[in-house]
Amino acid sequence: SLLQIQIPNNTKSWQTTTPTSFVCLPKQPTFEETKNKVFGKMVRLTALLSASLVGLTAAITKEKLADFAYYSLDANRTEADKMAAANVKKVNAARLSEKHLTDLFWAMYFNTLLSREEVRAQFFSVAEDGVEPEVLKAFRQSLYYDCDMNAKQAMWAAYELAGIPVDPAPVKEMWDFLYNSAELSKPEAHRWVVDLLAAGIEPKALSEAWTVQKGSTSNKGEALKKSVYTAASTSAGGLLARYAKDGHLYSALQFQQYYSDAWLVEWLESPQEKRVANDGKEYSAQEFQKYYGGNAASYWNQASEAPQRRMAEDGQTYTIQEFIAYYKGDWQTKFDEASVVADVCAGLNHEGCDGLPQTCQWKWTGDWTDSCVLKSSAATAAAFLV
């Protein structure tokens, strides 16, 4: 690598496409043409699901999710039933609506050159990471048009970024710096634009560090390496921190000091720290910085550490600290595989549910993993039965 920093080399599906195989998309049919020609069954699906999968607070039943998998994802009936059974609790815990699922499907399929089989294989993993369809499209379009990625590269790179989340706006600025100012080759710039944005590094911070470093050495690779080191510590107002393998929070500088040239690999594999804002929601340091600007550090320091609850394979939800305590050395992998929980009551046992009396209510469904429901949704708890 030009920067002599180790970076992930075998886990990202968007990197499996040959970097030099850039293509120009042929003239594409309109959204309606594609929908009517290829997905005629979607019209029937609308009628079948007209009374369900509506709104963020409406639960999706296993039967309706199977219909979605059958009509939208083109799964056969047996496969659709299996997909629904495996994902219905996760979909409801993430508070995903029919509109969200449908919009996400079209964002992953339309004009991406992905087959429905390819979309189907990744769909629920993407959905349960809390990826927003419009954010995914924004990343994909910027990576395709601004960074000259081919359609499939752009799609899977967009997924890597949209699931973090980071802001789509800096993609072009980061690309311009890497490709034009730092003069990386196109394949190298493709690789680094995603990894650096995923790491939380801001183009402005990187450019400022580059201005200082390039004057101190004639070795562009070394100058860029030092610029990345510096920018990682100054981006987001210097508030960035991640949970390392030992479960403790460390800054980018501490990662660099401990892991040396392998720091970026470890940094990208480590979950971001998040904190709870005044609205009760969890946000990253970048999101605090974007919203509060110059006052971000003050609000960040006053905010409490976010629990970052996720639903594990046993159907129960756990905080990030519980993942660390239970899974020990393998906790990062298990946390990454677990689905995002937007419903604070989802997956809680009776004791945990009773611990949130203002928000949650125990409503026995026959399955403890979905018997804790939001008080506003208690009247429709039967819809959660699977």
Side-chain angles (χ1 to χ4, degrees), residues 5-8 11-12 129-130 160-161 163-166 195-202 205 209 225-226 228-278 280-290 292 296-314 316-342 344 347-348 352 355:
I5 300 174
Q6 296 177 28
I7 61 177
T11 59
K12 296 180 180 177
D129 270 353
E160 293 291 334
L161 294 172
I164 296 175
V166 295
D195 282 338
L196 295 184
L197 288 173
I201 294 174
E202 299 168 349
K225 175 181 176 179
K226 291 180 178 179
V228 171
Y229 278 7
T230 301
S233 297
T234 59
S235 294
L239 301 175
L240 297 178
R242 298 200 176 201
Y243 295 91
K245 283 187 173 72
D246 64 1
H248 295 293
L249 282 167
Y250 299 97
S251 67
L253 178 60
Q254 290 171 316
F255 267 76
Q256 292 162 8
Q257 291 172 337
Y258 187 82
Y259 290 110
S260 188
D261 285 349
W263 77 271
L264 188 56
V265 178
E266 298 295 335
W267 182 258
L268 289 171
E269 291 178 352
S270 303
Q272 296 183 69
E273 178 188 17
K274 292 186 178 182
R275 297 197 180 184
V276 180
N278 292 334
K281 297 180 180 180
E282 301 178 355
Y283 298 97
S284 66
Q286 295 101 309
E287 291 169 315
F288 265 75
Q289 182 73 18
K290 182 179 179 181
Y292 291 112
S298 175
Y299 284 98
W300 179 260
N301 291 331
Q302 294 174 36
S304 60
E305 181 181 347
Q308 298 198 55
R309 293 173 62 242
R310 293 196 175 191
M311 181 172 286
E313 53 195 15
D314 63 358
Q316 189 170 353
T317 60
Y318 303 93
T319 65
I320 191 168
Q321 292 301 330
E322 289 171 327
F323 271 87
I324 292 168
Y326 184 78
Y327 289 110
K328 311 273 184 214
D330 198 32
W331 79 267
Q332 289 178 324
T333 299
K334 295 296 185 181
F335 186 78
D336 183 62
E337 292 172 350
S339 58
V340 172
V341 174
V344 296
L348 292 180

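The chain is numbered in sequence order, starting from 1.
Within the 3.5 Å criterion, the main-chain N or O of Pro271 finds no donor-acceptor partner in the side chain of Gln332. Side chain of Glu337 to main chain of Lys334: no donor-acceptor pair is present (N/O by atom type, distance under 3.5 Å, no hydrogens or angles). In terms of modelled atom types and a separation under 3.5 Å, the side chain of Trp267 and the main chain of Ala199 share a donor-acceptor contact. Of the possible polar contacts, one joining the Gln256 side chain to the Tyr229 backbone as a donor-acceptor pair under 3.5 Å is found.
A 4.5 Å side-chain heavy-atom check between Ser304 and Arg275 finds every atom pair outside the cut-off. Side-chain contact check for Asp330 versus Thr333: some heavy-atom pair is nearer than 4.5 Å. Side-chain atoms of Gln286 and Gln272, non-hydrogen and from C-beta on, do get closer than 4.5 Å to each other. Looking at heavy atoms from C-beta onward, Glu273 lies out of side-chain contact with Ser284 at the 4.5 angstrom threshold. Residues Lys281 and Tyr283 are in side-chain contact: their nearest non-hydrogen atoms beyond the backbone lie under 4.5 Å apart. Contact of the Pro307 side chain with the Lys274 side chain is not registered, since no non-hydrogen atoms from C-beta on lie closer than 4.5 Å. With contacts defined as side-chain heavy-atom distances shorter than 4.5 Å, the pair Lys245/Glu266 qualifies. Considering only heavy atoms from C-beta on, Leu240 comes within 4.5 Å of Ser235 through its side chain.
Considering CG of Asp129 and CD1 of Ile164, their distance stands at 10.0 Å, rounded to 0.5 Å.
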Stepwise side chain to side chain contact (heavy atoms under 4.5 Å, CB included) check, Gln257 with Trp263: CA-CA 8 Å; Gln257 291 172 337; Trp263 77 271; over 6 Å; no
Side chain to side chain contact (heavy atoms under 4.5 Å, CB included) for Gln316 and Met311? Distances and angles first, verdict last. CA-CA 6 Å; Gln316 189 170 353; Met311 181 172 286; over 6 Å; no
Is there a side chain to side chain contact (heavy atoms under 4.5 Å, CB included) between Arg310 and Phe335? Walk through the geometry before answering. CA-CA 7 Å; Arg310 293 196 175 191; Phe335 186 78; 3.4 Å; yes
Are Gln321 and Tyr243 close enough, and set up right, to give a side chain to side chain contact (heavy atoms under 4.5 Å, CB included), and what steps lead you there? CA-CA 10 Å; Gln321 292 301 330; Tyr243 295 91; 3.7 Å; yes
Evaluate ring-ring contact (aromatic ring centres under 6.0 Å, His included) for Phe323 paired with Trp331, printing each intermediate quantity in order. CA-CA 6 Å; Phe323 271 87; Trp331 79 267; 7.9 Å; no
Between Thr317 and Arg309, is the side chain to side chain donor-acceptor pair (under 3.5 Å) condition met? List the steps. CA-CA 6 Å; Thr317 60; Arg309 293 173 62 242; 2.4 Å; yes
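Between Phe255 and Tyr259, the two ring planes are tilted [angle within 30° to 60°]. Note on ring orientation: taking the six-membered ring where Trp is involved, the planes of Tyr292 and Tyr299 are parallel (angle under 30°, cut-offs 30° and 60°).
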